[in-house]
Amino acid sequence: ELAKLTKGFVMDLAAKFAEGLSYADFLKKYGNADQQSRWSNFHAAVKLKPEQHALLGSFTREMKVFCLTGAWCGDCVNQCPIFDHFAQAAPVIQLRFFDRDAHPDLGAMLSVCGGARVPVVLFASEDNFQVGIYGDRTLSKYRSLVADITSGPACPTGIVL
């Protein structure tokens with residue numbers, strides 16, 4: 001099996017993927033009744049457009065998608081249900097959810113700005129190579145938030161991305 005070398009340790013992405021849960025199983029295991037309701041309500045509100053269905057349905061290569069998340073996280077409520085819709089529209093997308101606190105090894109590997117942020121999504125090829133990462137709250141996002149809150153840039157250089 002192929003392994004991923006990251007931050008001084010090797011992670012077997014195929015073995016780790018097998019530890020992940022489906023959308024429903026993740027919420028059942030990690031979400032309380034209020035969290036499950038919030039996720040369910042947002043999931044029901046998401047509607048993909050026909051052209052989005054067509055695009056996702058045209059995918060031909062298998063893709064493994066690791067979603068590091070937390071049932072308690074507001075950003076996750078507003079993003080993770082959409083990933084489930086993507087996977088439903090594209091049978092070649094294999095989507096698994098991982099609770100950040102239950103999988104600290106994955107959280108360390110997918111850290112954003114030095115922290116175990118959520119949601120973070122790792123895209124892997126069918127042969128278990130990392131091909132991309134999407135992570136919320138990058139440094140540019142934090143700078144933007146601070147600029148909005150303080151009415152000015154947070155970086156002493158004046159450069160705000």
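For the single chain, residues carry numbers from 1 onward in sequence order.
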Under 3.5 Å donor-acceptor pairs involving side-chain atoms of residues 60-69, not counting sequence neighbours:
from  : atom 1 : to     : atom 2 : distance (Å)
Arg61 : NE     : Glu126 : OE2    : 3.3
Arg61 : NH2    : Glu126 : OE2    : 2.7
Glu62 : OE1    : Gln94  : NE2    : 3.3
Glu62 : OE2    : Gln94  : NE2    : 2.9
Lys64 : NZ     : Asn128 : OD1    : 2.7

From the list Phe97, Tyr30, Phe98, ring pair (Phe, Tyr, Trp, His ring centres under 6.0 Å) partner of His103 resolves to Phe98
side-chain hydrogen bond (donor to acceptor under 3.5 Å, both in side chains) partners for [X], two or more places apart:
X      : answer
Asp25  : Ser22
Asp99  : none
Ser125 : Asp127
Gln88  : Asp84

Quick one: list whatever passes side-chain contact (heavy atoms from CB on, under 4.5 Å) with Gln36, sequence neighbours left out.
Leu27
Check: [Y] and [X] side chains under 4.5 Å, non-hydrogen atoms:
X      : Y      : answer
Val121 : Gln79  : no
Gln130 : Met109 : yes
Leu95  : Tyr23  : no
Asn41  : Ser37  : yes
Phe83  : Tyr134 : yes

Distance, nearest 0.5 Å, that separates OG of Ser40 from CD of Gln35
13.5 Å
Rounded to the nearest 0.5 Å, what's the gap from NZ on Lys29 to CG on Leu21? Could you check?
6.0 Å
Phe86: partners by ring pair (Phe, Tyr, Trp, His ring centres under 6.0 Å), with sequence neighbours left out:
none
Please tabulate, for the side chains in residues 45-59, all donor-acceptor contacts under 3.5 angstrom to protein atoms that are two or more places apart in sequence or on a different chain.
from  : atom 1 : to    : atom 2 : distance (Å)
Lys47 : NZ     : Ala44 : O      : 2.8
Gln52 : OE1    : Lys49 : N      : 2.6
Ser58 : OG     : Leu55 : O      : 2.6

If you compare all heavy atoms of Gly70 against all heavy atoms of Trp39, which two are closest, and at what distance to 0.1 Å?
O-CZ2, 3.6 Å
Pair Arg117-Asp75, salt bridge (Lys or Arg N to Asp or Glu O under 4.0 Å): steps then yes or no:
CA-CA 10 Å; Arg117 307 281 193 261; Asp75 288 337; over 6 Å; no
